[in-house]
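Read the numbers this way: they start at 1 and go in the same order the structure lists the ligands and their atoms. Atoms considered below: every heavy atom in the structure, side chains included; atoms not considered: hydrogens, waters and symmetry mates. Residue numbers count from 1 along this sequence.
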Amino acid sequence: MIKGLVFDLDGVITDTAEYHYLAWKSLAEKIGIEIDREFNEQLKGISRMESLDLILKHGNKEADFTEAEKEELATQKNEEYKEYIKEITPADLLPGIDKLLKEAKEKGLGMTLASASKNGPAIMNSLEIMDLFDGIVDPATLKAGKPDPEIFVRGAEMLGLRPDECVGFEDAEAGIEGINGAGMFSVGVGSEDAMQKADYAVTSTEELNLDTILAKASQ
Ligand code: BG6
Ligand code: MG
C-alpha cells in the first residue's frame with residue numbers, strides 16, 4: 001500500500017528547471033560554450049558542480065579551469081539563478097500541483113522533498129508549501145547524487161516508510177533512474193523520450209491525478 005510521496009522540486013513542483021537552464025546557458029556563453037535544450041536534459045537532477053563539469057566537457061574545456069575558478073563559475077551561475085527565483089510566489093506552483101499536494105495531505109500520505117538543489121528550502125518557503133511536507137532531504141549530506149537512489153531512499157526513511165510504500169515524482173532522466181533504483185514506483189513528468197523509464201508518465205503536471213497514480217502504483 002502506498003503511504004508516502006517523494007518529490008523532486010525543479011520541473012515538478014515549480015518551473016525552476018527553466019531558470020537553471022537559462023542561468024547555465026548564460027554562464028556557458030561567457031566561457032565560449034554553446035548549450036541547447038537537448039544537452040540540458042543531461043543536467044536535470046544533477047548537482048551544481050557536476051553540471052558545470054558536464055558543460056566544460058561538452059565544450060572541450062575541462063582542463064582549462066582550476067578548482068577555484070570552477071567554484072567561481074558555479075557561484076556566478078547560482079547568483080544569476082537566485083535572481084530568477086527571487087520573485088517566486090505560490091502562483092508559481094505548476095498546474096495541478098497545489099491540488100495534488102492538498103489531496104495527498106487529506107488522504108494522510110506523508111510527503112518529503114528529494115531535490116539535488118541547495119536552493120530547495122528557500123523555494124519551498126516562497127511557494128508556501130513547507131507545512132504540507134514532512135521533511136527535506138539535505139543534498140549536502142548525500143554520498144551520491146541522482147541517478148544514485150540514495151536521495152529517494154532517504155526521502156522514504158524520513159517518513160518511516162520503505163521505498164516500495166512510496167511513489168516518486170521526477171522530470172529528470174537521472175531522477176527516474178534513482179527512483180527505480182530505490183524500488184519505488186516512478187512517476188515522470190516530461191517528454192515521452194525523456195520519461196521512457198518511468199513506471200507511469202505524463203507530459204504535463206496538469207495530468208497528474210492522485211487516484212490514478214495510487215491505483216497504478218498498487219497494481
Ligand atoms: C536540481 C536541478 O534539482 O538541482 C539541477 O534539476 C540543479 O538542474 C540541481 O543543478 C542543483 O541545484 P542548485 O540550486 O543547488 O544549484
Ligand atoms: Mg527536476
Please check: side-chain N/O of T205 versus main-chain N/O of I97, any donor-acceptor pairing under 3.5 Å? no
Tell me whether N119 has any N or O atom under 3.5 angstrom from an N or O of ligand 1. yes
Just checking, is any N or O donor in the side chain of E50 or S47 under 3.5 Å from an acceptor N or O on the other one? yes
For atom 16 (O) of ligand 1, what's the nearest protein heavy atom and its distance? R48 NE, 2.7 Å
Has K105 got more than 12 heavy atoms of other residues, nucleotides or ligands less than 6.0 Å from its NZ? yes
Can you tell me which residue and heavy atom of the protein come closest to atom 3 (O) of ligand 1, and the distance to 0.1 Å? D10 OD2, 2.6 Å
Taking the side chain from E103 and the backbone from L100, do they hold a donor-acceptor pair closer than 3.5 Å? no
Could you find the nearest protein heavy atom to atom 8 (O) of ligand 1 and give me its residue, atom name and distance? L43 O, 3.6 Å
Residue-level breakdown please: for A116 versus ligand 1, do any non-hydrogen atoms fall below 4.0 Å on the side chain, on the backbone, on both, or on neither? both
With distance as the sole criterion, is a donor-acceptor pair present between the side chains of Q196 and D193 under 3.5 Å? yes
Vertex the Mg ion (ligand 2), ends D8/OD2 and D10/O: angle to nearest 10° comes to 90°
Any idea which protein heavy atom is nearest atom 15 (O) of ligand 1, and the distance to it? K118 N, 2.7 Å
For S117, is at least one N or O under 3.5 Å away from an N or O on ligand 1? yes
Polar-atom distance check: K44 versus ligand 1, any N or O pair below 3.5 Å? no
Testing the 3.5 Å rule here: is there a donor-acceptor pair between the side chains of H20 and K77? yes
So if I count the atoms of ligand 1 from 1 in the order they appear, which ones are less than 4.0 Å from some heavy atom of S51? 10 (O)
Protein residue, atom and distance nearest to atom 10 (O) of ligand 1, heavy-atom basis: I46 O, 2.7 Å
Atom 6 (O) of ligand 1: which protein heavy atom is closest, and how many Å away? G45 N, 2.8 Å
Give yes if a backbone or side-chain nitrogen or oxygen of N78 is under 3.5 Å from a nitrogen or oxygen of ligand 1, and no if not. no
Among side-chain atoms of R154 and T141, is any donor-acceptor pair under 3.5 angstrom? yes
Between ligand 1 and A17, can you find any atom pair, the residue atom being a heavy atom, that is separated by under 4.0 Å? no
Using only heavy-atom distances, determine whether the side chains of T203 and E207 contain a donor-acceptor pair under 3.5 Å. yes
Verify whether one side chain among D199 and S186 offers a donor that lies under 3.5 Å from an acceptor in the other. yes
For the Mg ion (ligand 2): the N/O/S atom of D171 at shortest distance: OD1
Residues N119 and N78: side-chain donor-acceptor under 3.5 angstrom: yes
So the atoms of ligand 1 within less than 4.0 Å of a heavy atom of S115 turn out to be 3 (O)
Hey, is there an N, O or S on E170 sitting under 2.8 Å from the Mg ion (ligand 2)? no
Could you measure the distance from the NZ atom of K57 to the CG atom of L52? Nearest 0.5 Å is fine. 13.5 Å
